[in-house]
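Below is one structure, written out as structure tokens; comments come after it.
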Amino acid sequence: MSASTSSSDAGSARYNAREVEQRWQSTWDERGCFTAVRDTTRPKYYVLEMFPYPSGRVHIGHVRNYAMGDVIARYKRARGFNVLHPWGWDAFGLPAENAAIERGEHPAKWTYQNIDAMRAQLKKMGLSVDWSREFATCDPEYYAQQQRLFLDMMAAGFVYQKSSMVNWDPVDNTVLANEQVIDGKGWRSGAEVERRELTQWFCRITDMAEELLTAIDDLDKWPDNVRLMQRNWIGKSTGLSFDFEIAPNDLTDETSLNVYTTRHDTLFGASFCAISVDHPLAKTLEDEIDGLAAFSAECRKIGTSEEAVEKAEKRGFDTGLKVRHPFDPDWLLPVYVANFVLMDYGSGAIFGCPAHDQRDLDFARKYSLDVVPVVCPTDQNADSFAIEAEAYVGPGRIINSRFLDGMDIEDAKAEIAKRMAAAGQGSPKVNYRLRDWGFSRQRYWGCPIPVIHCKTCGPVPAPIESLPVKLPEDVDFNTPGNPLDRHPTWKHVACPVCGAAAVRETDTMDTFADSSWYYARFTAPRCEEPTDADEVGYWMNVDQYIGGVEHAILHLLYSRFWARAMHRTGWLPETAIEPFDALFTQGMVCHETYKSPDGKWLSPDEIKPVEGGYVVTETGAPVTVGPSIKMSKSKKNVVDPEDIIAQYGADTARWFMLSDSPPERDVEWTTAGAEGAWRFIQKMWRLVNEGAAECSHATMPPSNLSDDALSLRKITHKAIDGVTSDIEGFAFNKAVARIYELVNAVSRVSGSTAHGMDFARREALETLAIMSSPMIPHFAEEAWARLGSETIVSETPWPVADESLLKDDLIVLPIQVNGKRRSEISVAPDASKTDIEALAMADDAVQRVLAGGPPKKVIVVPGRIVNVVV
RNA sequence: GGCCCUGUGGCGGAAUUGGUAGACGCGCCGGAUUCAAAAUCCGGUUCCCUUGCGGGAGUGCCGGUUCGAUUCCGGCCGGGGCUACCA
């Protein structure tokens with residue numbers, strides 16, 4: 001394959017991607033084709049791909065993601081929309097600080113160098129991006145406005161400070177959000193997370209839990225799985241909150257214990273109560289009861305380790321306290337401190353009904369507590385129904401429950417709730433799994449929280465005119481911890497209220513804050529305020545958002561919250577509280593993995609193909625080929641987009657990324673596939689050159705088209721129809737297949753001089769140029785020019801299919817006998833049922849099967865099928 | 001454990017949502033061109049039986065609904081994702 005050694009003459013047989021691509025990129029640049037300007041006379045279309053983190057290298061996954069976005073952007077532009085397709089960088093975050101620590105390079109320098117390197121790579125892809133709107137979240141102009149938003153949100157009560165137990169990553173020396181703790185380990189460092197108490201800033205996302213939940217119903221252009229994940233994450237449950245009376249004792253003065261349950265129907269199956277080790281009552285008791293403090297300490301330690309959670313052994317400590325059953329003062333239940341009760345859900349206390357909850361059952365078996373079934377499945381006998389190793393959680397009738405006996409579960413719940421309410425003992429309560437978003441980070445490379453702490457005035461917002469609170473540039477990364485806190489002068493300021501000596505907040509914001517509003521900033525990236533009402537009103541919402549499913553929960557939920565907060569502080573119109581109208585989540589790019597005989601991972605360019613497999617290029621040792629998995633540095637199964645573009649050109653890379661696999665699914669990068677894409681572009685180029693010589697530039701088709709020419713026209717217009725709906729439906733792989741079909745059709749009539757063929761051929765080739773332009777824009781421009789057009793494709797409207805050419809005079813109808821296809825007939829598309837039936841019955845194959853007898857039944861579905869039942 | 005997605009040729013994947021299973025591409029086989037190769041072009045390619053005509057089977061497995069099921073329903077098996085003691 002000698003893709004890079006081709007002639008530079010545009011008219012020659014060989015297509016020189018490198019030269020062509022550079023040339024068209026300059027042309028687009030010079031003409032400002034993709035600069036978006038507000039224009040109320042045209043419908044707008046805002047397409048956005050999730051902006052990248054500037055790691056330094058463009059990954060092939062980026063190529064796929066941005067190729068998809070570019071298809072949409074270019075297609076919508078051709079359809080007459082005023083398209084906004086901006087670019088930015090999610091530039092704050094830990095890797096920059098790690099680089100600073102490892103290489104002594106300043107995070108800003110490292111980040112901006114990476115951005116420059118990646119921008120250069122990305123520009124080679126020929127994306128139709130409005131580069132004039134580019135920004136990075138670490139630009140002071142951006143984070144100044146983010147600080148402004150913070151202050152407004154603080155004033156409006158959306159952010160607050162509280163002391164809380166936090167997840168502390170001892171390696172990164174930072175606090176992690178609950179969502180950043182995976183199996184008890186830090187999502188980045190993988191270190192075991194500890195618990196520490198710190199004063200932290202939080203966003204009141206839980207206040208919006210209900211709103212965020214119900215609004216999901218209307219996000220009908222989001223994938224169902226993402227909507228479901230968000231629903232589950234918010235985790236609404238409706239239950240009952242009520243008090244147990246604590247029997248008199250000498251351990252505590254507390255007289256009641258509040259619990260939350262969704263299974264109040266099982267209240268008569270209760271055999272114990274359990275409270276979290278972090279429950280206030282448990283903490284009081286630690287001073288009173290020997291061994292409890294040690295038990296709790298042990299639970300807290302094991303609590304976060306992955307293995308312990310996995311094995312989930314239920315452990316408890318009997319406090320000796322007793323509580324009275326709400327419906328029987330003489331019925332006393334023991335109170336345990338238990339490791340499986342979470343403090344931050346419900347009230348941190350539960351009642352245990354072992355028969356109908358697996359955790360409670362495990363616990364009861366371990367501590368020999370009663371197991372009384374109170375719900376009996378309808379197919380079981382109440383007298384003999386017993387619980388063995390598994391709790392029964394299904395539906396049934398209530399038994400062993402006094403006044404509830406015989407009811408179904410829902411009625412029993414209602415009855416308990418009614419009686420509790422009447423007695424003032426409890427009330428219905430809705431609970432959410434969602435927690436408030438803690439977004440303080442003890443890190444340097446993030447947006448400083450614009451607050452000043454004064455001994456007398458407390459936390460005071462930094463004055464708006466003092467924004468941005470800029471990061472100091474002279475910082476020391478040689479000592480662990482937060483460089484802002486250790487900086488000699490930065491944090492010392494006068495209190496804006498009383499003028500006394502005060503200190504700045506040294507925490508910076510979670511980087512999810514940066515990405516929670518960047519989409520709005522793109523509408524007016526240089527505005528001196530967070531947003532410009534006219535611009536944001538015109539461009540928002542994002543019509544199509546594209547990104548990885550890994551952001552299905554965090555980024556998208558925070559953005560939905562932040563947009564609402566921005567609306568309530570006046571920075572977004574109400575119509576923008578759901579900022580992303582449509583969401584598409586694309587799959588990953590995978591590659592085979594290779595290992596040398598000594599078990600080391602090998603990269604694809606360290607090996608070469610031989611008969612029946614691969615060998616290591618240097619040593620000739622045999623290579624073991626492993627499964628195709630997500631490209632990652634550690635497995636070395638990565639291909640560098642820059643190499644691909646240098647060898648084949650951007651169009652080939654884009655084309656291959658869009659063919660074959662549906663965009664939502666993973667795609668496997670193969671050399672053969674890339675070469676196939678390259679050959680296809682060469683083939684199209686040959687056809688264009690051949691056709692350019694034999695083209696008619698007439699604007700109307702000649703009369704009396706020959707059958708061949710008419711047939712090509714029909715194929716062309718069917719392709720227009722198909723490709724259009726495929727792109728609309730994000731079925732790029734199918735659009736690609738249809739383009740192949742049209743290319744093959746043009747290729748078949750190569751050299752034909754049938755009447756009208758010159759017209760049909762030019763129509764087909766021009767259609768090919770425009771329809772392929774969203775995927776392979778450079779090639780399309782070059783082909784368009786070669787065909788003698790004076791405009792450029794990027795400014796040319798999308799073709800419209802001629803309805804009259806989409807219909808056929810005759811259609812082929814399959815004939816089934818007993819549901820098996822036996823024959824086919826050709827009929828007019830509007831042939832009547834009786835005509836079709838008559839034709840079908842006359843068919844040889846049908847006659848053979850019938851052997852003179854009558855059919856039992858004939859089903860005719862006009863335009864579809866005929867089925868003869870014998 | 002819970003919830004969700006998914007299973008179609010040698011491979012990636014199509015199938016207008018109940019109507020010709022395998023579009024299109026890759027790979028492979030055969031042929032043309034070539035001194036030869038690359039590139040290109042033409043033909044073939046689900047499997048089994050048959051020289052051919054033709055016939056049979058077939059969308060993970062078992063069953064159901066239907067004139068007709070890759071598509072709908074029930075059960076099982078495999079692969080993947082999210083979540084994880086949420087009371």
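Note on naming: letters A, B, ... go to the chains in the order of the sequence lines (proteins, then strands), and numbering restarts at 1 for each one.
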| message | If I pick the C1' atom on B:rG30 and the same atom on B:rG75, what distance separates them, to the nearest angstrom? | response | 48 Å
| request: Can you tell me the pairing partner of B:rA38 across any strand shown, Watson-Crick or G-U wobble, with both distances under 3.5 angstrom? | output: none
| request: Identify whether any heavy atom of A:Val869 sits under 4.0 Å from a base atom; if not, whether one sits that close to sugar-phosphate; answer base, sugar-phosphate or nothing. | output: sugar-phosphate
Kindly give the atom pairs (protein nitrogen or oxygen, nucleotide nitrogen or oxygen) under 3.5 Å for nucleotides 53-60 of chain B.
from	atom 1	to	atom 2	distance (Å)
B:rG56	OP2	A:Arg822	NH1	3.0

| query | According to the Watson-Crick and G-U wobble definitions, with both distances under 3.5 Å, which nucleotide is paired to B:rU70? | reply | none
| Which residue pairs satisfy the salt bridge (Lys or Arg N to Asp or Glu O under 4.0 Å) criterion with at least one member in residues 233-243 of chain A, sequence neighbours excluded? | A:Glu210-A:Lys236
| message | Please give the distance between the C1' atoms of B:rC28 and B:rG10 as a whole number of Å. | response | 8 Å
| said: What contact category does A:Glu741 fall into here, base, sugar-phosphate, or nothing, at under 4.0 angstrom with non-hydrogen atoms? | reply: sugar-phosphate
| query | Between A:Asp217 and A:Arg231, is the closest basic N to carboxylate O distance under 4.0 Å? | reply | yes
| request: Could you tell me the separation between the NZ atom of A:Lys718 and the CG atom of A:Asp721, rounded to the nearest 0.5 Å? | output: 10.0 Å
| message | Hydrogens and angles aside, do A:Ser271 and A:Tyr367 bring a side-chain donor and acceptor to less than 3.5 Å of each other? | response | no
| Base, sugar-phosphate, or nothing for A:Asn733, non-hydrogen atoms under 4.0 angstrom? | sugar-phosphate
| Nearest-angstrom distance from the residue atom CG of A:Leu658 to C1' of B:rA14 | 17 Å
| task | Between B:rC24 and B:rU8, how far apart are the C1' atoms? Round to whole Å, please. | result | 16 Å
| request: Can you tell me the pairing partner of B:rG27 across any strand shown, Watson-Crick or G-U wobble, with both distances under 3.5 angstrom? | output: B:rU45
| said: The side chain of A:Lys683 is closest to which nucleotide in this list: B:rU20, B:rC41, B:rU83? | reply: B:rC41
| request: Decide yes or no, distance alone: a donor-acceptor N/O pair under 3.5 angstrom between the base of B:rC86 and the side-chain of A:Arg435. | output: yes
| query | Can A:Ser750 and A:Glu690 be counted as having a side-chain donor-acceptor contact under 3.5 angstrom? | reply | yes
| request: Can you tell me the distance, in whole Å, between the CZ atom of A:Arg359 and the C1' atom of B:rG2? | output: 11 Å
| message | We want to know whether A:Gln847 and A:Asp843 form a side-chain donor-acceptor pair, criterion being a heavy-atom distance below 3.5 angstrom. | response | no
| message | In whole Å, I'd like the distance from the CG atom of A:Asp660 to the P atom of B:rG22. | response | 19 Å
| request: Would you mind classifying the nucleic acid contact of A:Val858 as base, sugar-phosphate or nothing, using non-hydrogen atoms under 4.0 angstrom? | output: nothing
| Polar side chain donor-acceptor pair, A:Ser659 to A:Tyr740, under 3.5 angstrom | no
| said: With the 90 degree cut-off around zero defining syn, does B:rG9 come out syn or anti? | reply: syn
| field | Counterpart base for B:rG7, defined by Watson-Crick or G-U wobble contacts under 3.5 Å | value | B:rC77
| task | Could you tell me whether a side-chain N or O of A:Gln586 sits under 3.5 Å from a main-chain N or O of A:Glu664, the two making a donor and an acceptor? | result | no
| task | Return the nucleotide paired to B:rG1: Watson-Crick means purine N1 to pyrimidine N3 with N6-O4 or O6-N4, wobble means G-U with N1-O2 and O6-N3, both under 3.5 Å. | result | B:rU83
| task | Please measure how far the P atom in B:rG7 lies from the corresponding atom in B:rG12, and state the result in whole Å. | result | 12 Å
| query | Taking the side chain of A:Pro662 as its heavy atoms from C-beta onward, which of B:rA14, B:rA87, B:rG19 lies nearest to it? | reply | B:rA14
| said: Roughly how many Å apart are B:rC29 and B:rC35, using the P atom of each and rounding to a whole number? | reply: 24 Å
| said: For B:rC85, does the base pair up with any side-chain atom of A:Lys314 as donor and acceptor (N or O, under 3.5 Å, distance only)? | reply: yes
| field | Among B:rA39, B:rG25, B:rG68, the one nearest A:Asn744 by side-chain distance | value | B:rG25
